[in-house]
Amino acid sequence: MPELPEVEVSRLGILPYFDQQRIRAVHVYHRQLRWPVPETVSLLEGQQITQVRRRAKYLLLDSDVGTLILHLGMSGKLRVLPEGSPLVKHDHLEIITTQGHSLRLNDPRRFGAVLWQAPGEELKLLAQLGPEPLTEAFTDDHLFHLSRGKGAPVKTFIMDNHVVVGVGNIYANEALFMAGIDPRRAAGRISRQRYRVLTQAIRTVLARAIEQGGTTLKDFSRADGQPGYFRIELNVYGQGGKACPQCSRELKEIRLGQRSTVFCASCQR
DNA sequence: ATGTTGACCTGTAAGC
DNA sequence: TGCTTACAGGTCAACA
């Protein structure tokens, strides 16, 4: 489920229930996620959440004694329920506030992660990340310079977390369509001008999705408030074989770096 | 250094 | 109906 927009909307959803709240209990029901959930996450018990942040696709709950880090992997979902609500299959973690709100992490595939970061420490995972796509640190210059000499496909390039964070498979496909760039094209052989267009496309696609999700999000603590899969119209993702929305020619579907890739061979060059 | 592939794990849909 | 296969929104580690 989660690309950056979904994670950001999840952040906005849990904010009203967890920001500045005190944590009464942390329960781990399944330690074996992407990495074993460290015992240290229980340090959060008794602490106040001072900030609910997002970095890339990681959610960070700060406290004075350390930061709890959540990643949703491929299939993770967050939900806020009244304390005591029945656990369901694949609920792996629960965090309960003194107000009785329970944050549940449900992740069938268990590619997600729950980590702990001590004050002053920065996990290598976070330290090596590229710029946030919706900040000024993300520029066409950045993409242009980093890409010089790279022969890998531009789609693979923009999905690399060291280059820019938060561009997953759906939005990589969509942004490249919007920018009119063939996803197979070598990253190092794309002009500065075209990176300018691509940078803007990535920004637009992500911002629009967050806006959509934010609009759909009524109350995160109720079933119908779940952000889930946004109903943002997708031009190419999942549309292989159908007509290009621009020129009506058939959209091609291929695999790049073992990810499904859809594009219009006519509109994208 | 760079690019590609495998690995982690479950659920679902399609094909036989 | 069942069994088998392919694929799914991520990303790190291990290779060539």
Side-chain angles (χ1 to χ4, degrees), chain A residues 1-11 29-37 54-59 69-78 88-93 105-115 123-130 132-133 143 145-177 183-190 202 205-206 208-210 212-213 216 226-241 253-262:
Chain A
M1 155 204 166
E3 292 224 22
L4 183 141
E6 286 85 344
V7 178
E8 176 61 16
V9 171
S10 294
R11 188 184 75 81
Y29 301 113
H30 197 130
R31 292 213 106 80
Q32 219 49 54
L33 302 186
R34 169 123 208 225
W35 297 285
V37 177
R54 179 187 59 75
R55 173 74 173 107
K57 294 174 186 166
Y58 297 93
L59 270 183
I69 300 175
L70 301 175
H71 193 287
L72 302 181
M74 287 276 252
S75 56
K77 289 184 175 107
L78 291 173
V88 297
K89 197 173 181 184
H90 304 305
D91 276 348
H92 306 315
L93 178 82
L105 169 66
N106 184 282
D107 183 8
R109 291 179 75 180
R110 283 186 270 129
F111 288 173
V114 178
L115 301 168
L123 298 185
K124 190 178 293 178
L125 233 49
L126 298 181
Q128 297 181 333
L129 295 173
E132 288 288 329
L143 287 186
H145 288 303
L146 255 189
S147 63
R148 291 310 89 182
K150 297 245 156 80
V154 60
K155 175 161 179 268
T156 310
F157 177 68
I158 60 171
M159 288 180 70
D160 182 345
N161 272 333
H162 308 294
V163 174
V164 55
V165 303
V167 182
N169 198 35
I170 293 180
Y171 298 117
N173 278 297
E174 295 297 318
L176 286 163
F177 176 76
R184 299 167 297 184
R185 180 172 288 276
R189 302 227 240 96
I190 290 174
I202 290 172
V205 161
L206 291 177
R208 189 177 293 169
I210 291 174
Q212 274 288 326
T216 331
Q226 256 261 303
Y229 211 170
F230 298 163
R231 273 207 236 124
I232 163 180
E233 339 104 42
L234 301 173
N235 282 309
V236 288
Y237 183 81
Q239 309 295 309
E253 178 150 7
I254 60 169
R255 309 219 117 230
L256 270 188
Q258 37 195 184
R259 309 306 298 276
S260 85
T261 302
V262 188

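We name chains A, B, ... by the order of the sequence lines, and we start the count at 1 in each one. Hydrogens, waters and symmetry mates are skipped; everything else that's a heavy atom, side chains included, is used.
Distance check, rounded to the nearest 0.5 Å: CG of A:L4 to CD of A:E132 gives 6.5 Å.
Checked by atom type and distance alone, the side chain of A:E253 never pairs as donor or acceptor with a backbone atom of A:V262 at under 3.5 Å. Side-chain N or O atoms of A:S75 include one that pairs as donor or acceptor with a backbone N or O of A:R109 at under 3.5 Å.
Within 4.0 Å of A:K124, counting heavy atoms only, lies no atom of the nucleic acid at all. Across all strands shown, A:G151 has heavy atoms under 4.0 Å from sugar-phosphate atoms exclusively, and none from any base. Residue A:S260 is in sugar-phosphate contact alone, with no base atom involved, counting any heavy-atom pair closer than 4.0 Å across all strands shown.
Rounded to a whole Å, the CG atom of A:L126 is 15 Å from the C1' atom of C:dG10.
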Inset, instruction - Tell me, with the steps shown, if A:L72 and A:D107 meet side-chain contact (heavy atoms from CB on, under 4.5 Å). - result: CA-CA 7 Å; A:L72 302 181; A:D107 183 8; over 6 Å; no
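In the model, A:N161 has no side-chain atom that pairs as donor or acceptor with a side-chain atom of A:K57 under 3.5 Å.
Using a 4.0 Å cut-off on heavy atoms, the residues of residues 105-112 of chain A that approach DNA chain B are A:P108, A:R109, A:R110, A:F111, listed by number.
For A:R255, counting side-chain heavy atoms from C-beta on, the closest listed nucleotide (C:dA8, C:dG10, B:dT4) is C:dA8. The side chain of A:K57 has C:dT11 as its nearest neighbour among C:dT11, B:dT4, C:dG9.
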Quick test: give all pairs of protein nitrogen or oxygen and nucleotides 12-16 of chain C nitrogen or oxygen below 3.5 Å, distance rounded to 0.1 Å.
unit_1	atom_1	unit_2	atom_2	d
C:dC12	O4'	A:R34	NH2	2.7

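Where pairing requires Watson-Crick or G-U contacts shorter than 3.5 Å, the helical stems of DNA chain C with at least three consecutive pairs are B:2-8 with C:10-16, B:10-16 with C:2-8.
No hydrogens or angles were tested; on distance alone, a donor-acceptor pair under 3.5 Å links the side chain of A:E6 to the base of C:dG9.
Ring pair A:H71/A:Y58: centre-to-centre distance below 6.0 Å.
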